[in-house]
Novice: 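Before I ask anything, here is the structure I am working with.
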Amino acid sequence: MRAKPKKSLGQNFLQDPNIRRKIIAACDLSERDTVVEIGPGQGALTELIAPKVKRLIAVEVDRALSAELSGRFQGDPRVTVINADFLKYDLSAVSIPPSHKLKVVGNIPYYITSPIIEHLFSFRNRISAIYLTVQKEFGQRIIAKPGTAHYGAFSCFVQYYAEPKIEFIIKRTCFFPAPAVDSCFLKLTVRPEPPAAVIDETLFFKVIRASFQKRRKTLGNCLKAIVPDGALTALLSGCNIDPRIRGEELGLPEFARISNAFSRYYNIINQ
Ligand code: SAM
């Protein structure tokens with residue numbers, strides 16, 4: 001008999017065969033692909049991915065599930081099951097031919113969605129596409145455009161490194177046990193180049209976080225924490241940006257303009 005799903009590990013297993021097939025069809029896999037699966041669990045997606053690809057590395061933190069899966073795929077040279085915390089898993093250890101990139105697939109635990117995306121982006125040069133099942137609201141935040149309700153610092157972070165698309169909605173009843181909310185299947189196409197030229201990415205994301213920190217405050221008020229008040233208005237007007245607007249009205253090109261102006265300002269005053 002199978003062990004009870006562990007809530008602490010976000011174990012909501014995919015039950016619905018139609019959704020499983022729909023997920024695999026959306027991943028657009030080929031026999032040349034090396035795929036990393038995050039949290040294979042009982043193998044609901046693993047068994048459909050394996051026959052379609054060249055190699056599949058499935059990383060599962062639950063020791064019992066990973067042992068069960070290893071046994072099941074023992075005779076399949078394409079599949080390697082690794083018992084590890086994906087957040088500590090070094091994707092540069094996966095060997096791929098020089099001209100190839102990895103695809104990543106995962107019906108992942110909701111409570112670590114952001115850290116998983118951050119971890120994946122730290123290996124973005126090795127990844128072409130990421131396919132994830134995430135909470136519907138979370139997916140809406142990721143794809144949100146400037147000036148809309150769900151738009152925030154995390155939308156900017158993801159859209160800077162990837163082109164996000166919600167492929168379809170997955171009803172909560174497709175999982176066992178059923179989670180409290182519906183999900184969506186999200187595709188992140190990793191960008192070969194960022195969509196805006198940024199001098200200092202650390203400063204760029206600091207500007208973005210500060211701009212969204214206090215939603216009711218104007219951009220000028222939010223950015224005082226980064227650049228002294230006296231210089232701020234001139235710097236923003238040099239970027240053609242009104243300090244009275246709110247951060248959520250700005251897109252990546254505007255945030256790039258602002259942070260580049262701040263970089264140049266700091267370069268001059270630190271000389
Ligand atoms: N892929 C399976 C499916 O679709 O039925 C299981 C999905 S379940 C939502 C999430 C899986 O991720 C569980 O098997 C859980 O044990 C595993 N998991 C949780 N945290 C993890 C981590 N940090 N690293 C790797 N796997 C993890």
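Residue indices begin at 1 and follow the sequence shown. Just so you know, ligand 1 is whichever comes first in the structure, and atom 1 is the first atom listed for that ligand. Since we're looking at a predicted model, the values are computed, not measured.
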Novice: Parallel, tilted or perpendicular: which one describes the rings of Phe185 and Phe168, with boundaries at 30° and 60°?
Specialist: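 Judged by the thresholds at 30° and 60°, the geometry between Phe185 and Phe168 is parallel.
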
Novice: Which residue and non-hydrogen atom of the protein lie closest to atom 2 (C) of ligand 1, and at what distance in Å?
Specialist: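 Atom 2 (C) of ligand 1 sits closest to the protein heavy atom Pro40 O, 3.3 Å.
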
Novice: Could you say whether the N/O atoms of Phe86 and ligand 1 ever approach to under 3.5 Å?
Specialist: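 N/O-N/O distance below 3.5 Å exists for this pair.
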
Novice: Give the numbers and elements of all ligand 1 atoms closer than 4.0 Å to a heavy atom of Val59.
Specialist: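 Near Val59, meaning under 4.0 Å from one of its heavy atoms, ligand 1 has 25 (C), 26 (N).
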
Novice: Can you classify the ring geometry of Phe205 versus Tyr161 as parallel (below 30°), tilted (30 to 60°) or perpendicular (above 60°)?
Specialist: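 Taking Tyr161 first and then Phe205, their aromatic rings sit tilted (interplane angle of 30° to 60°).
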
Novice: For Leu87, is the nearest heavy atom under 4.0 Å from an atom of ligand 1?
Specialist: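 It does not; every heavy atom stays at 4.0 Å or beyond.
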
Novice: Indicate every side-chain donor-acceptor pair of residues 116-131 with a distance under 3.5 Å to a residue at least two apart or in another chain.
Specialist:
residue : atom : partner : partner atom : Å
His119  : ND1  : Leu87   : O            : 3.4
His119  : NE2  : Phe86   : O            : 3.2
His119  : NE2  : Tyr89   : O            : 2.7
Ser122  : OG   : His119  : O            : 2.6
Arg124  : NH1  : Phe121  : O            : 2.8
Arg126  : NH1  : Leu91   : O            : 2.7
Arg126  : NH1  : Val94   : O            : 2.9
Arg126  : NH2  : Val94   : O            : 3.1
Ser128  : OG   : Leu102  : O            : 3.4
Tyr131  : OH   : Cys27   : O            : 3.0

Novice: Can you check side chain to side chain contact (heavy atoms under 4.5 Å, CB included) on Arg78 and Leu56, steps first, answer last?
Specialist: CA-CA 6 Å; Arg78 290 166 301 196; Leu56 170 59; 5.7 Å; no

Novice: In the protein, what heavy atom is nearest to atom 5 (O) of ligand 1, and what distance, to one decimal place, separates them?
Specialist: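 The answer is Leu14 N, 2.8 Å.
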
Novice: Can you sort out which atoms of ligand 1 are near Gly41, meaning under 4.0 Å from one of its heavy atoms?
Specialist: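 Ligand 1 atoms under the 4.0 Å threshold to Gly41: 6 (C), 14 (O).
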
Novice: Regarding atom 6 (C) of ligand 1: of the candidates Ser66, Ser8, Pro109, Gly39, which has the closest heavy atom?
Specialist: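 Answer by nearest heavy atom: Gly39.
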
Novice: Is there a polar contact between ligand 1 and Asp85, counting only N or O atoms under 3.5 Å apart?
Specialist: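 N/O-N/O distance below 3.5 Å exists for this pair.
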
Novice: Is there side-chain contact between Asn240 and Arg257, with at least one heavy-atom pair below 4.5 Å?
Specialist: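 Asn240 reaches Arg257 side chain to side chain.
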
Novice: Going by heavy-atom distance to atom 14 (O) of ligand 1, choose the closest among Gln15, Gln11, Glu60.
Specialist: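 Shortest heavy-atom distance from atom 14 (O) of ligand 1: Glu60.
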
Novice: Is Glu37 near ligand 1, meaning one of its heavy atoms is under 4.0 Å from it?
Specialist: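 For ligand 1, residue contact (heavy atoms, under 4.0 Å) with Glu37 is present.
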
Novice: Below 4.0 angstrom, N of the basic side chain to O of the carboxylate: do Arg20 and Glu47 qualify?
Specialist: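 Here Arg20 pairs with Glu47 in a salt bridge, since their nearest N and O are under 4.0 Å apart.
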
Novice: Side chains of Arg21 and Asn18: do they bring a donor and an acceptor to under 3.5 Å?
Specialist: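 Arg21 vs Asn18: donor-acceptor pair found between side chains.
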
Novice: Taking 4.0 angstrom as the limit and counting only heavy atoms of Ala84, give me the atoms of ligand 1 inside it, by number and element.
Specialist: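 Reading through ligand 1 atom by atom, the close ones are 24 (N), 25 (C).
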
Novice: On a heavy-atom basis, which atom in Gly41 and which in Phe13 lie closest, and how many Å separate them?
Specialist: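 Answer, listing the atom of Gly41 first, then Phe13: CA-CE2, 3.9 Å.
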
Novice: Who passes salt bridge (Lys or Arg N to Asp or Glu O under 4.0 Å) against Lys214, sequence neighbours left out?
Specialist: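 So Lys214 forms no salt bridge (Lys or Arg N to Asp or Glu O under 4.0 Å) with any residue.
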
Novice: For Ile112 and ligand 1, does the shortest N/O to N/O distance drop below 3.5 Å?
Specialist: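 Such a contact does not occur with ligand 1.
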
Novice: So, 4.0 Å and heavy atoms of Gly43: is ligand 1 close enough to count as a contact?
Specialist: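 No heavy atom of Gly43 comes that close to ligand 1.
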
Novice: Contact between Leu250 and Pro146 at the side-chain level, heavy atoms closer than 4.5 Å - yes or no?
Specialist: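 Of all side-chain heavy-atom pairs linking Pro146 with Leu250, none is under 4.5 Å.
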
Novice: Would Ile38 count as a contact residue for ligand 1, given that I'm defining contact as a non-hydrogen atom of the residue lying under 4.0 Å from a ligand atom?
Specialist: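 Ile38: no contact with ligand 1 (<4.0 Å).
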
Novice: Could you work out, for atom 21 (C) of ligand 1, the closest of Ile108, Val61, Ile116 by heavy-atom distance?
Specialist: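 It is Val61 whose heavy atom sits nearest to atom 21 (C) of ligand 1.
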
Novice: Counting only nitrogen or oxygen atoms and a 3.5 angstrom limit, does Asn107 reach ligand 1?
Specialist: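 Between Asn107 and ligand 1 (N or O atoms, distance only) the closest approach is under 3.5 Å.
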
Novice: What is the closest protein heavy atom to atom 8 (S) of ligand 1, and at what distance does it sit?
Specialist: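 Minimum-distance protein heavy atom for atom 8 (S) of ligand 1 reads Gly10 O, 3.5 Å.
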
Novice: Quick check: Tyr265 with Phe262 (ring centres under 6.0 Å apart)?
Specialist: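 For Phe262 and Tyr265, the ring centres are not under 6.0 Å apart.
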
Novice: Judged by non-hydrogen atoms, does Gln42 sit under 4.0 Å from ligand 1?
Specialist: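 Not so, Gln42 does not reach ligand 1.
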
